[in-house]
Amino acid sequence: MTDAYRLEASGRTRALNGVRERHDGDYVLYWMTATRRLVWNHALDRAIEHAERLGKPLLVFEPLNVTYRWASERLHRAILDGMVEHESGLARVGVGYFPYVEPERGAGRGLLRALAARACVVVTDDSPVFFTPELLAAAARLEVCRVEAVDSCGLLPLSRADRTFVTAFQFRRFLQRTLPDVLGDAPAAAPLTTAHLKPFTGLPPSTTERWPAALPDRLVAERGLAHLPIDHSVAATNWRGGYSAARAALRRFIECGLDRYSSERNDPDANVTSGLSAWLHFGHLSAHEVFDEVTRAEGWTPLRLSSRTDGSRRGWWGMSEGAEGFLDQLVTWRELGFANAVREPALERYETLPAWARSTLEVHASDRREYVYTLEQFTAAETHDELWNAAQRQLAREGTIHNYLRMLWGKKVLEWTDHPRVALDIMIELNNRYALDGRDPNSYSGIGWILGRFDRGWPERSVYGKVRSMSSAATRRKVRVEEYLRRYGGGAGD
DNA sequence: ATCGGCTCGCGCAA
DNA sequence: TGCGCGAAGCCGAT
């Protein structure tokens with residue numbers, strides 16, 4: 001195996017077409033779609049490797065289209081925050097950067113093809129997230145040069161999860177056997193500081209005239225997003241996308257949240273959750289970097305890994321209780337979501353739920369519901385239950401719901417709709433529209449869990465059947481909700 | 001406050 | 001074939 005194809009041995013790189021690389025191209029093109037970061041990124045490593053080997057400049061093409069469902073000021077702003085950083089970060093090291101913000105539907109058509117026409121090789125992000133599979137299909141249709149997809153989604157290469165896993169327990173056992181092999185396969189922490197690249201000298205006017213590059217900082221600071229054909233009712237929040245905000249949040253969590261993580265994470269007031277999921281979703285932050293920070297804080301080495309592979313959560317890593325609890329989220333549950341998304345690309349389909357859950361839900365589909373609400377009523381937080389309404393208001397305003405309350409939020413949608421199919425549609429619509437970390441495999445895991453996915457049977461009850469139920473009354477006893485209700489209660493809020 | 005029962009699918013030991 | 005086990009629950013008994 002030659003050095004050029006070294007990464008393929010790890011199962012993260014795959015060729016999307018059978019075309020050869022071109023030696024007379026102008027540059028190596030990295031089409032950045034899902035892994036939107038300049039650090040800890042296998043795809044960027046791969047693109048740099050090609051550029052160095054071929055002695056060509058590197059061009060990073062990062063588009064933001066308006067044609068995707070749920071495009072809104074909130075989601076656009078998050079991605080633009082990252083693009084602003086990429087613009088300055090790449091200019092410093094002589095790497096070309098083409099940030100393209102599509103001004104109207106279809107305006108970006110043909111741009112990828114035009115850029116690829118002058119490329120030696122095209123590298124893009126491999127990912128099952130949201131519409132990335134459609135982009136990969138488009139990349140595969142490029143016939144001008146070799147096109148590769150590189151998976152930088154998580155600690156486990158997507159290609160390694162070759163079975164369907166029904167429970168986290170089962171998947172954890174698989175990880176306990178598999179991860180030790182792949183933990184050394186981390187992307188470079190700062191690849192651009194050591195790269196030896198020919199400086200990028202610019203694109204031909206024929207390209208930049210037809211598709212003017214966006215200036216993300218100006219879009220954010222001056223023009224705003226008002227002129228774009230996106231959902232303006234879902235406003236940007238105070239949350240900032242991009243690597244530097246992610247990095248700051250990661251440091252804060254490692255220093256202040258990790259040791260209290262397992263004991264206080266269900267308390268909405270304690271504020272010890274990591275809050276990293278949206279950055280992970282947009283690709284602004286790498287699970288590898290998060291893992292690396294946790295291991296440093298714990299003074300951990302792989303020698304501390306337990307030799308047991310029984311699927312048990314306790315004592316797997318040989319870290320503190322807080323770190324083990326957090327890694328179960330970051331590694332077990334996040335990787336399970338991705339593995340599941342690869343096996344089942346249409347997780348929004350009711351039929352993908354486990355058979356036992358569907359059959360028990362069907363038996364109880366005709367049970368009388370105490371309340372039934374429409375999507376419009378849920379959207380407007382107009383149920384009889386102030387705790388539910390508060391959770392929905394937090395989602396609409398801030399793009400997130402507190403960990404524990406989001407479970408209650410979903411269980412009540414199941415309880416207050418005529419059929420679990422309707423509940424699934426409503427949860428997906430609200431979550432994908434408002435949540436910063438929506439449209440992600442992990443969102444679908446969470447929503448699926450509401451309807452029984454990755455869970456087991458429980459005593460049979462009305463409407464829920466054998467699917468686990470939750471009640472607002474029990475939640476009020478278990479979780480301190482007073483402050484939460486004050487913040488997100490009816491009337492004016494911040 | 002704490003405990004057991006309820007309930008499902010899977011892997012593993014036998 | 002039986003046993004143990006599991007993302008966060010609920011209910012009733014003690």
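Letters A, B, ... mirror the listed sequences (proteins, then strands); counts begin at 1.
- Inspection of the Asn389(A) and Gln392(A) side chains reveals no N or O donor paired with an N or O acceptor under 3.5 Å.
- Following rounding to the nearest Å, Ile401(A) (CD1) and dA8(C) (C1') show an atom-to-atom distance of 15 Å.
- Residues that satisfy the side chain to side chain donor-acceptor pair (under 3.5 Å) test with Asp231(A), not counting sequence neighbours, are Ser233(A), Arg433(A).
- Using a 4.0 Å cut-off between a side-chain N of Lys or Arg and a carboxylate O of Asp or Glu, Arg36(A) and Glu85(A) do not qualify as a salt bridge.
- For Ser445(A) and Leu408(A), each mapped to the nucleotide of DNA chain C holding its nearest heavy atom, the one lying further toward the 5' end belongs to Ser445(A).
- Partners of Ser445(A) under the side chain to side chain donor-acceptor pair (under 3.5 Å) rule, at least two apart in sequence or in another chain, do not exist in this structure.
- Rounded to whole Å, atom P of dG9(C) lies 19 Å from atom CZ of Phe454(A).
- Every side chain to side chain donor-acceptor pair (under 3.5 Å) that Arg172(A) has, sequence neighbours left out, goes to Asp328(A).
- The residues Arg251(A) and Glu255(A) are annotated as salt-bridged, a charged nitrogen and a carboxylate oxygen being separated by less than 4.0 angstrom.
- Using bins of under 30°, 30° to 60° and over 60° for the plane-to-plane angle, the ring pair Trp31(A)/Phe61(A) lands in the parallel bin.
- Residues Tyr444(A) and Glu344(A) bring no donor and acceptor atom of their side chains to less than 3.5 Å of each other.
- When the C1' atom of dG9(C) is taken as reference, atom CD of Glu415(A) falls 13 Å away, rounded to whole Å.
- Contacts of Ala189(A) classified as side chain to side chain contact (heavy atoms under 4.5 Å, CB included), with partners at least two apart in sequence or in another chain: Trp40(A).
- Residue Arg313(A) contributes atom CZ, which lies 16 Å from atom C1' of dG4(C) at whole-angstrom precision.
- Taking atom C1' on both dG11(B) and dA8(C), the two are 24 Å apart, rounded to the nearest angstrom.
- Of all the residues in residues 332-353 of chain A, not one reaches under 4.0 Å from DNA chain B with any non-hydrogen atom.
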Would you write out the dot-bracket form of DNA chain B, 5' to 3', with Watson-Crick and G-U pairs under 3.5 Å, [ ] for crossing pairs, | for pairs to other strands and . for unpaired bases?
||||||.||||||.
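- Atom CH2 in Trp316(A) sits roughly 12 Å away from atom P in dA7(C) (whole-Å rounding).
- When the side-chain nitrogen and oxygen atoms of Lys478(A) are compared with OP1 and OP2 of dG9(C), one or more of them lie within a distance under 4.0 Å.
- In this structure, CZ of Phe171(A) is placed 16 Å from C1' of dG6(C), rounded to the nearest angstrom.
- Straight-line distance from the CG atom of Leu175(A) to the C1' atom of dG6(C): 16 Å, rounded to whole Å.
- Heavy atoms of other residues, nucleotides or ligands lying less than 6.0 angstrom from CD of Glu370(A) number 12 at most.
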Hey, can you pull the donor-acceptor pairs under 3.5 Å for the side chains in residues 164-171 of chain A, sequence neighbours left out?
from	atom 1	to	atom 2	distance (Å)
Thr164(A)	OG1	Arg343(A)	NE	3.2
Thr167(A)	OG1	Gln170(A)	N	3.1

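- Phe326(A) places its CZ atom 18 Å from the P atom of dA7(C), with the value rounded to the nearest Å.
- Taking atom P on both dA14(B) and dC5(C), the two are 15 Å apart, rounded to the nearest angstrom.
- Between the side chains of Arg160(A) and Thr178(A), no donor N or O sits under 3.5 Å from an acceptor N or O.
- Each salt bridge (Lys or Arg N to Asp or Glu O under 4.0 Å) pair with one or both residues in residues 441-455 of chain A, not counting sequence neighbours, appears once here: Asp455(A)-Arg468(A).
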Where along nucleotides 8-14 of chain B does protein come under 4.0 Å, by heavy atom, of base (B) or sugar-phosphate alone (S), with - for untouched nucleotides?
BSSSS--
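- The side chain to side chain contact (heavy atoms under 4.5 Å, CB included) search around Glu460(A) returns Thr360(A), His364(A), Lys466(A), not counting sequence neighbours.
- Residue Arg172(A) is classed as a sugar-phosphate contact, given heavy-atom separations below 4.0 Å to backbone atoms only.
- For the P atom pair drawn from dT7(B) and dG12(C), the interatomic distance equals 15 Å after rounding to whole Å.
- Spacing between dC12(B) and dA7(C) at atom C1', rounded to whole Å, works out to 23 Å.
- Phosphate proximity of dT7(B) to Tyr464(A): absent, as no side-chain N or O sits under 4.0 Å from OP1 or OP2.
- A search for side chain to side chain donor-acceptor pair (under 3.5 Å) contacts involving Thr475(A) returns nothing, not counting sequence neighbours.
- The side chain of Arg461(A) contributes an N or O atom lying less than 4.0 Å from OP1 or OP2 of dC11(C).
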Between the protein and nucleotides 2-4 of chain B, which nitrogen or oxygen pairs are less than 3.5 angstrom apart?
none

